[in-house]
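For reference, the structure is listed below as structure tokens.
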Amino acid sequence: MSATMSGSGSAPCRFAHYFVICGIDNETGLEPDALAALYQWLEADRQGRDPEAVAAGENFDQSPLKRTFKSKVLAHYPENIECNPFDQDAVNMLCMPKGLSFRTQRDSRTPQFHSFLITREDGSRTYGFVHTFYEEVTSPQICSAMQTLLQMHQAEHNASAHNCPSSSSSSSSSSSSSSMDSLASSLDEVESPSSTSSSQGGRRSCGCSGEGYDSVRDTLYVSKAMCLITPMPFMHACKHFLSQVHRAVISHQPPPLPLESYIYNILYEVPLPPPGRSLKFHGVYEPILCQRPGVGELPLADFPLSEAFQLLGVENLVQIFTCVLLEMQILLYSQDYQRLMVVAEGITTLLFPFQWQHVYVPILPASLLHFLDAPVPYLMGLQSKEGTDRSKLELPQEANLCFVDIDSHCIELPEDFPQFPNKTEFIQELSEVLLSFGLSPEGGSASPEPAVSSQTSMLVKELKSTSLSELVDDRKNGNLGGEALDVLELLQVNPTLERLQALAKRTGVKVARLEALAAGQKAVGEEGVGGRSPAEEEELRNAKLNVQLREVFAARFATMFADYESFVIQNSPDLESWLTNREQMHNFDKASFLSDQPEPYLPFLSHFIETQMFATFIDNKIMSQWEEKEPLLRVFDGRIEKARLYNVRAPSLRSSVYQKCTFLKESAQAIEQRLRKIDHTAIHPHLLDMKIGQGKYQHGFFPKLQADVLASGPTNNKWSNRTCSTQRRVDRHRQQNDHLVLDNDLKEKYMQEARNLGKNLRQPKLSDLSPAVIAQTNWKFVEGLLKECKMKTKRMLVEKMGREAVELGHGEANITGLEENTLIASLCDLLERIWSHGLQVKQGKSALWSHLLHYQTREEKNEQLLESPVSNGQEKRKPESSVGLPALRVSVIQDMRHIQSMGEIKTDVGRARAWIRLSLEKKLLSQHLKQLLSNQALTKKLYKRYAFLRCEEEKEQFLFHLLSLNAVDYFCFTSVFTTIMIPYRAVIIPIKKLSNAMTTSNPWLCVSGELGDSGILQITKNILEMTFDSAFRPHTHISIAFKCQNLGKLTTVQLGHDNSGLLAKWLVDCVMVRNEITGHMYKFPCGRWLGKGVDDGSLERVLIGEFVVPCNDDDGGRGSKTPPLQRSPSQIRRISITSLTGRGNKPTTVQIQESIGEAVNSIIKHFHKPEKERGSLTVLLCGEGGLVWALEQFFHHGFRSARIFQKNVFVWDFYERTVAFMENADQIGDLQETPEPLGLNCESFCRYVNAINNMPRNIGKDGKFQLLVCLGARDRLLPQWLPLLTECPIITRMYEENALLRDKLTVSSLIAVLETLHDFPITLESSLTKSVEL
């Protein structure tokens, strides 16, 4: 196997690995495309028809001139290369994705260029560049077979026209056809250019070419493809080379050398340019240039970004780029294969320093349409037929799909995806770069240059092209041999010889050799000055534009992730232990990273740092401790280091001010220098040792090449030997390091297991597409989805409960609302992908909502049949969780109706997401989905056999993972849908004794939450209801239902009455309020009287809420709950604050001081959270353990609470007497001698106490104390008032000697603690400060 051996040593450094010819095999004749037949077989099998009958039958619907016939790889050179084995099926499929196509002399036969890539299992890529042209069919058998097929098609069409006058296409999709059927039919419905152009004169095209095909009258042409397969994407160079080979084939003159010479040259004698260098090699007629970026530059990208920007416009491209970064599903759609490739490669190029980690198929062959069913992120390109209507293109899943119609310059984006940071300024900078090159930022219908020029222009060019002798000397490129150059120099400086030359010219004798040398040298001089061809100038311009656009994108990432290294967690001693524990470890401190970012960046960044590409980037960073840095990472880290040197900025001072790219000129200059001054010139094409008479030139036909000549390369090639020795040196170095690193296979296994969630199918295997392989692929998808569900639910639990985060040393166990929202959005996306997998019928953009609607229709029919509002016992009622609150209906349908009644949500995708959030908040997600899937007849009707939802064991595991989310409390519905109207029910529960429960006055209620309040709700008096609990004990309560805009999490209830009537006293136990949609219930403890002359004389109380955790969940989640929110101070204390002294449970001085410290700390922590995630400050001020509660304990320590005439004495009494003393002293003039600050403090204290006493609200003495503390904290006056109280003589009458308030040291430390609150802007709820005039 000399071929294999010759390839293996030098292949990695060769410019091209294979030269391939694909086309029709004259021996086997016309064969239907096997892959298209396989697709029909699979669909027939799925629909229950006999697959064999389908496979055996001919497709008479389509004209034979447009059917797909099997193409074959006719030849490829060399036979095989060890480092890049030749995959015949994949190459054939991608060279001719539509199979063979036929034309007659009437049709357009313009050659086309397109490229493709093959991604191997390890993620490495091989590029293919294809030049497709039409060649006359010379085989009489094929011509007659085509005529026979056309006659059969015509007869079939005429028969069907008689049967069905409208002759509508039988393949148009009915409601029962699968989404893939309709997709296939929509792609095939529209005729190709050849038939549309020929169906003129008002006659409807019947699918065959207008005039058919007559083997006598017409000439038949068939497509043929030449392909170069290369390890690097040198697109322009390959395109020029292949077009020159084609010119040689269709030229009337034979090429200067046999074609084998040029193909041998590019396969074996042209090396890859070294990094940072340029290379010139020779095509058939003209030299070809290519260049490769240096080690510190952005990696090679030769696909023209200018074309991608012109096709889509800057704004659209930035939006698609954002979708790719967030790993959504992206489907590109165009008639032109090269456009698909240009946009796909352009966008993935712009991802630097990140890399796309999922399915990547820029050109999806028709036989692989089932891959659009993949429930994983993908970037695929689908070829459209001319005139195909997008509305007819039914895709399996669209909830998370970005659909890019390249030819129409329009895109369809997924719902609710975050915008790229500084998007407006970013688009502006990209537009400036495009304008500087004369291109419009809006893009538009700039017609793409024809892939290859027409035959006539080629022949004109050919006449101007160089002769064989010129090419051999290569004078045009100034590569004169050393000897010839010496001769020329000698002749030019010799005066005697110059005179002889002039004499010879006069007498008509020519010195040809000398003239030729001089002319060659003159040409070199001109070219050196800048005599570059327009094509070369255009190429340089494209390369400069490419690199400048890419630099703008790279600069964005360098700005956003300038300090990413600070947040990488590296805590493994060696590579092996890191790889083993990869899944269990946190590699990146996401919470700290996000807290360090400017707020406008957060919506995007919180999603992006959850992606696979970001995880892989961080993995590569950690692995660079033990291994050589991954090239993209090395360049990116170099950029960041360079930016730090030029622009020293403190990492803590993150700003969202846009920073423009500073590398534009520098990067463009590097490319210009390389292309203007060529570093290397490859060996010229030359005559080979060929057999005479073989491969004879025949105009218009690609010759049969001599395989033995092209099978192996030279053995004494300088550059190949040089590279081989380098390779040996690298191999030796690797062997020395082998004991330091893991075995490669083991490492790859670990990495695959660690990273692959949805990535276990990077690239469809093109070479083997048997039904068994497709089934195996679907099984991989099912496993991947289950694993992803397990990872996501675990992450949501860990983040929410925070235990593991605390163990890993990340401080306080809390999750930011932004992170939580990102994780829930990611869960919604996963559920949509699961519900889209293996779908039979595509209805609407959301597969989950479509399934729910089917379920709703069936259940409502059942309800009508049973004439009962409850369907088959499917609906549960939650048991009464509290006195007086009727049980809530719990059912899938009920929650759907809530969502359907929300006018704010306009789309099915939005409704599905809202339903998921509501179910999650109610802890019913797993139960609801189990109920939905329990209707097996419906699931079977909607899903194919291989669908995830029909794999029983995996489905059960999936529901179990979702059930684990019941262990934590989510407010993901309440916090997102903030503007909707929500029904609430409030129940006021008096103390059990009936006499205390009655009141003749008019009660009222006002409920407040984080998003607003309900306003005052008047309650009809004497509407006491009586209910009995499970032990048949009677309970009385007052119930009120009301509807208002979403209040968010409830914080306070104001409860009061107007003190009218005989029974104007009211002893209230608590108030319960329930959100009737989410079922969330809040308890507002009271335990106090409302009435004049009882307790502290209050007619109105502000109660602080606590969230009631449901403890009767049927299915799990028991025992593991998030801690309850802050509560109202306990009822015992509230019965009478002064009675604490009479009990044996007085807090110690240490406990009181600790409680004050904790209350102040809680408020400080509150302000250190992001603004949107802080929650209610009222709870921290007035709730149990809050600041008011702690200071109440402080003021109550040592308080003389002896009853005077059976009345309780309150702390507020002490304040009033202090104010009276100060005002009295001020009138006498005693206070005038006090220092000025103290006098001002006296004045402010008196003003505040009097304002509270004079307000119309009757909130009682404890309520007044609470209000004074809150106002003092807000206005930063508490520390100034304390010295006044300690100095006032009243204190000796009302406080014991040992009271904390009389201990100067304790008071001064309390002042210091309270002063720490001065740094924060404390704002108070209106429910607290209403009616106070200061």
Side-chain angles (χ1 to χ4, degrees), residues 114-119 123-129 230-239 275 290-294 296-312 314 316-327 330 332 338-358 360-363 378-381 402 404 406 420 426 429-430 433-434 437 439 443 539 542-558 611 613 616-617 630-636 639 661 663-664 667-668 670-671 762:
H114 79 268
S115 37
F116 64 83
L117 63 81
I118 297 175
T119 310
S124 58
R125 292 174 178 178
T126 298
Y127 292 84
F129 301 96
T230 66
M232 296 186 81
F234 290 108
M235 189 205 76
H236 285 101
C238 293
K239 184 177 176 180
C290 60
Q291 59 89 29
R292 189 172 167 188
E297 296 175 60
L298 295 175
L300 175 69
D302 204 28
F303 288 87
L305 280 175
S306 56
E307 192 179 327
F309 275 91
Q310 288 305 103
L311 285 168
L312 292 164
V314 178
N316 280 348
L317 204 109
V318 168
Q319 295 285 57
I320 300 163
F321 174 70
T322 310
C323 290
V324 173
L325 283 172
L326 299 177
E327 295 186 339
I330 293 94
L332 309 176
Q338 184 59 7
R339 283 182 173 185
L340 294 173
M341 193 72 186
V342 163
V343 173
E345 277 294 287
I347 287 171
T348 51
T349 294
L350 297 173
L351 294 175
F352 168 88
F354 307 102
Q355 290 170 290
W356 179 255
Q357 298 293 321
H358 300 275
Y360 181 61
V361 192
I363 296 172
Y378 59 66
L379 203 172
M380 299 201 218
C402 172
V404 184
I406 298 174
F420 193 72
F426 184 45
E429 186 178 7
L430 290 168
V433 172
L434 289 167
F437 283 84
L439 296 172
E539 201 167 314
N542 275 334
K544 285 163 76 172
L545 174 58
N546 254 24
V547 78
Q548 291 198 6
L549 289 168
R550 292 172 67 207
E551 286 289 359
V552 174
F553 280 84
R556 285 281 75 229
F557 287 125
T611 58
M613 70 174 82
T616 305
F617 174 75
E630 197 264 337
L632 295 182
L633 180 67
R634 186 179 62 236
V635 176
F636 187 65
R639 291 286 166 95
C661 177
F663 293 110
L664 294 184
S667 54
I671 283 186
R762 286 281 267 289

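Only this structure's heavy atoms are used, side chains among them; waters, hydrogens and symmetry mates stay out.
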Legend entry - C290 versus F234, closest heavy-atom pair with distance: CB-CD2, 3.8 Å
Inset, instruction - State the CD1-CG distance between I330 and L332, to the nearest 0.5 angstrom. - result: 8.0 Å
Legend entry - L434 side, atom CG; L545 side, atom CG - distance, nearest 0.5 Å: 6.0 Å
Inset, instruction - To the nearest 0.5 angstrom, please state how far the NE2 atom of H358 sits from the OG1 atom of T119. - result: 13.5 Å
Inset, instruction - Determine yes or no for a side-chain-to-main-chain donor-acceptor pair under 3.5 angstrom, with D302 supplying the side chain and H236 the backbone. - result: yes
Legend entry - Flag side-chain contact, heavy atom, 4.5 Å: E345 against Y360: yes
Inset, instruction - Look only at the side chain of N546 and the backbone of A301, and say whether a donor-acceptor pair between them is shorter than 3.5 Å. - result: yes
Legend entry - Contacts of type side chain to side chain donor-acceptor pair (under 3.5 Å), residue E630, not counting sequence neighbours: none
Inset, instruction - Report yes if the distance between the aromatic ring centroids of F420 and F321 is under 6.0 Å, otherwise no. - result: yes
Inset, instruction - Taking the side chain as every heavy atom from C-beta outward, state whether L379 and V324 have any atom pair closer than 4.5 Å. - result: yes
Inset, instruction - Not counting sequence neighbours, which residues clear ring-ring contact (aromatic ring centres under 6.0 Å, His included) with F303? List them please. - result: none
Legend entry - Value rounded to 0.5 Å, distance of OG1 in T349 from CD in Q355: 11.0 Å
Legend entry - Test ring pair (Phe, Tyr, Trp, His ring centres under 6.0 Å) applied to F557 and F352, F354, F617, F636, the passing residue: F354
Inset, instruction - Please report the closest heavy-atom contact between P231 and Y127, naming both atoms and the distance. - result: O-CD1, 4.1 Å
Inset, instruction - Determine, for E297 against R550, whether the closest basic-nitrogen to carboxylate-oxygen distance falls under 4.0 angstrom. - result: no
Legend entry - Closest non-hydrogen atom pair, A554 against L298: CB-CD2, 4.1 Å
Inset, instruction - Measure the spacing between NZ of K544 and OG of S306 and express it to the nearest 0.5 Å. - result: 14.0 Å
Inset, instruction - Please report the shortest heavy-atom distance between L317 and L350, naming the atom on each side. - result: CD2-CD1, 3.9 Å
Inset, instruction - Starting at CE of M380, measure out to CG of L340 and round the result to the nearest 0.5 Å. - result: 13.0 Å
Inset, instruction - Identify, with sequence neighbours excluded, every residue that meets side-chain contact (heavy atoms from CB on, under 4.5 Å) alongside N316. - result: L312, I411
Legend entry - Ring centroid separation F426 to F553 under 6.0 Å: yes
Legend entry - Under-4.0 Å salt bridge between E551 and R639: yes
Legend entry - Exam field: side chain Q310 to backbone A308, donor-acceptor pair closer than 3.5 Å: no
Inset, instruction - Please assess E307 against R339 for the test side-chain contact (heavy atoms from CB on, under 4.5 Å), listing each intermediate value before the final yes or no. - result: CA-CA 8 Å; E307 192 179 327; R339 283 182 173 185; 4.2 Å; yes
Inset, instruction - Could you tell me whether the side chains of E327 and Y378 share a donor-acceptor contact shorter than 3.5 Å? - result: no
Legend entry - Side-chain donor-acceptor pair present, Q338, S115, cut-off under 3.5 Å: yes
